[in-house]
2 protein chains.
Amino acid sequence: MHRIINPPNFVSNYSLYGKEPVTDKKENILLAALQLFSNEGYNVVPTSKIAKQAGVSEGLIFKHFDNKKGLLDAIMEDAELRVNQVFAPVLFETDPIKTISKIIETPFNIREEEYNYWRLQFKLKWETEYYNPQKMKPIIDKLQWAFSELGYKDPQNEAELLSQIVESVSVNILREGLKSQLKFKSFLQQKYKV
Amino acid sequence: MHRIINPPNFVSNYSLYGKEPVTDKKENILLAALQLFSNEGYNVVPTSKIAKQAGVSEGLIFKHFDNKKGLLDAIMEDAELRVNQVFAPVLFETDPIKTISKIIETPFNIREEEYNYWRLQFKLKWETEYYNPQKMKPIIDKLQWAFSELGYKDPQNEAELLSQIVESVSVNILREGLKSQLKFKSFLQQKYKV
DNA sequence: AAAAATAAAGTAAGTACTCACTAAAATACA
DNA sequence: TGTATTTTAGTGAGTACTTACTTTATTTTT
């Protein structure tokens, strides 16, 4: 006879920054909520549905995250880290042409398993609060520097424009898939001569 | 002694296409709902709040619109007409350069009292269903023709790009006000030589 | 008075969140 | 090392409250 041991606080993996151990059930809640929030919307998804999909009692959500908003906060913290990671190569680049080139490539480097994080970010833009227009500031500053170096007439507006284009392409990829935007990618590369 | 007469079914104005007379209370409901839906979101605004702001009993909403979704439908019908009206000048233009010029000006011609209609449109893009990517098709086709006439290399992608830019500018105007985008407007005009 | 329009009160199905409780793990300690 | 104690993860039934929508009553118009 075997004894099936299933410790409730078994540590399955660690969060992105390894701050604290995450039990498998807690992880299940986070994943279920991410999927539901990003596809259906924060306001329309009841906590009961999250619990069901996570295979967990509803009460556990509140044990771990205090309230529904706390659950969203936890997810968004993760989301922000992942989004920053994708933009990081642009910030570290020292060559202006490569900077432009890399920002154009950015939306195409989003890993498919992270689409939901991005979708949630864009969605929450329209559910107030989580929207922070200053979030892209470092990127825009970097682009402005690059355009300046390359002798563009109006680097400020050029930077603003390109960052908007990149955002549009990101949204399009999320909606219609990566392949649909590939021709647009080379179009942009030609346009900016990179 | 005066009798204050306040006829309940007083006809205050007509809908955009003059199909049917709209009583003032029905109009009040539509206006209150538009304001609340566009600023706070369809899902988070209860019908009781709409009734309160419209100065109307809650039941009246259901008399006029059957259900909450019906109220949203009525508003969105109006919204679509108003959005189309703003884009109309582009579709009627026969000169390619003026076509480009007019599409750039489009977001700046949105009347401030119609901001809420636009805001609602963008918001619902992320609450599924009401989003229809084909809605901009006629505009993009027109732009493609214009760029083609002007000898651009890749009119298809140029049209797609400009329509995305116009959408971005629209969103920025809604968020940060018209003035904040004026310098961007002349920047675009220079870029497209119009 | 009949019919239409409006208001008020009510309903049933959710909703986020709580609470009393169980079981297992980690810790304290003899 | 073995036993008692505390801490933690987890459950699921319940609670107060909100929601969209209905029904009944009241007022207004003809």
Side-chain angles (χ1 to χ4, degrees), chain A residues 1-15 19-34 36-37 40-76 127 129, chain B residues 1-12 20-34 36-37 40-76 127 129:
Chain A
M1 267 291 239
H2 293 286
R3 282 216 359 258
I4 295 169
I5 296 162
N6 211 348
N9 59 344
F10 172 72
V11 173
S12 66
N13 55 29
Y14 289 78
S15 70
K19 276 182 299 194
E20 47 170 344
V22 177
T23 62
D24 52 352
K25 294 221 169 183
K26 189 175 180 182
E27 187 70 21
N28 282 351
I29 294 171
L30 285 167
L31 288 174
L34 168 63
L36 292 168
F37 287 164
E40 302 178 23
Y42 172 74
N43 290 308
V44 298
V45 173
T47 51
S48 58
K49 192 173 184 178
I50 298 167
K52 201 173 183 183
Q53 186 162 124
V56 144
S57 76
E58 200 177 348
L60 190 58
I61 292 176
F62 298 93
K63 263 264 145 69
H64 279 308
F65 305 100
D66 289 353
N67 49 44
K68 193 183 173 185
K69 180 70 186 341
L71 173 55
L72 179 61
D73 288 342
I75 295 171
M76 286 306 289
E127 302 194 28
E129 56 175 316
Chain B
M1 271 285 243
H2 294 284
R3 284 227 341 269
I4 295 169
I5 294 161
N6 210 347
N9 59 345
F10 173 70
V11 173
S12 66
E20 46 169 346
V22 178
T23 62
D24 53 351
K25 295 223 169 182
K26 189 174 181 184
E27 187 70 23
N28 283 350
I29 295 172
L30 284 167
L31 287 174
L34 169 64
L36 292 168
F37 287 165
E40 302 179 23
Y42 172 73
N43 290 305
V44 299
V45 173
T47 50
S48 59
K49 193 172 183 179
I50 298 167
K52 201 173 181 182
Q53 186 162 123
V56 146
S57 79
E58 200 179 345
L60 191 58
I61 292 176
F62 297 94
K63 200 132 244 164
H64 280 308
F65 304 101
D66 290 354
N67 48 44
K68 193 182 174 186
K69 180 72 185 344
L71 173 56
L72 179 62
D73 288 342
I75 295 171
M76 286 306 288
E127 302 194 27
E129 57 173 318

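A quick note: this is a predicted structure, and the numbers were derived from the prediction, not measured. In what follows, chains are A, B, ... by sequence order, proteins preceding strands, each numbered from 1.
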> Once you round it to whole Å, what is the distance between P of D:dG10 and CD of A:E27?
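Rounding to the nearest Å, CD of A:E27 and P of D:dG10 are 12 Å apart.
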> Dump the pairs, protein N or O against N or O of nucleotides 11-16 of chain C, anything under 3.5 Å, distances to one decimal.
unit_1 : atom_1 : unit_2 : atom_2 : d
C:dA16 : OP1    : A:K68  : NZ     : 3.0
C:dA16 : OP2    : A:T47  : N      : 2.8
C:dA16 : OP2    : A:T47  : OG1    : 3.1

> As an exercise, state the distance from CG of B:L72 to CG of B:N43, rounded to the nearest 0.5 Å.
9.5 Å
> Rounded to whole angstroms, how far apart are CG on B:L36 and P on D:dT19?
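Atom CG in B:L36 sits about 13 Å away from atom P in D:dT19.
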> If each of B:S57 and A:D66 is mapped to the nucleotide of DNA chain C with the nearest heavy atom, which maps nearer the 5' terminus, i.e. the 5' end?
B:S57
> How many whole angstroms separate atom CZ of A:F65 from atom P of C:dT18?
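Spelled out: CZ on A:F65 to P on C:dT18 is 15 Å.
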> Could you walk me through whether A:E58 and A:S48 pass the side-chain hydrogen bond (donor to acceptor under 3.5 Å, both in side chains) check?
CA-CA 6 Å; A:E58 200 177 348; A:S48 58; 4.9 Å; no
> Taking atom C1' of C:dA8 as reference, at what distance in whole Å does atom CG of B:L60 sit?
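That distance rounds to 13 Å.
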> Between the base of D:dG10 and the side chain of A:K25, is one N or O donor paired with an acceptor at under 3.5 angstrom?
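Side chain to base: no pair present.
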> Tell me whether the OP1 or OP2 atom of D:dT8 has a side-chain N or O from A:H64 closer than 4.0 Å.
no
> Minimum heavy-atom separation for B:I50 to B:I29, with atom names?
CG2-O, 4.0 Å
> Can you tell me the distance, in whole Å, between the CD1 atom of A:I61 and the P atom of C:dC19?
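Interatomic distance, CD1 of A:I61 to P of C:dC19: 18 Å.
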> What is the distance from CG of B:N28 to P of C:dA7, rounded to the nearest Å?
11 Å
> With a distance cut-off below 6.0 Å to the six-membered ring centre and an angular limit of 45° from the axis, does B:K68 pair with B:Y42 as a cation-pi contact?
yes
> Roughly how far, to the nearest 0.5 Å, is the CG atom of A:N28 from the CG atom of A:D24?
6.0 Å
> Please report the shortest heavy-atom distance between B:S57 and B:A51, naming the atom on each side.
C-CB, 3.9 Å
> Sub-3.5 Å donor-acceptor pair from the side chain of A:K49 to the main-chain atoms of A:V44, do we have one?
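No, because the side chain of A:K49 does not come within donor-acceptor range (under 3.5 Å) of the backbone of A:V44.
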> Using a 6.0 Å distance limit plus a 45 degree cone around the ring axis, check whether A:K26 lies over the aromatic ring of A:F65.
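Flagged: A:K26 positioned over aromatic ring of A:F65.
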> Given atom CD1 of B:I29 and atom C1' of D:dA20, what is their separation to the nearest angstrom?
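So the CD1-C1' distance, B:I29 to D:dA20, works out to 15 Å.
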> Between B:T47 and B:L71, is there a side-chain heavy-atom distance shorter than 4.5 Å?
no
> Please report the end-to-end axis angle for the helix from C:dA1-D:dT30 to C:dA30-D:dT1, five pairs per end, rounded to 10 degrees.
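The angle separating the two end axes equals 20°.
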> Specify the separation, in whole Å, of atom NZ of A:K69 and atom P of C:dC17.
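About 11 Å, once rounded to whole Å.
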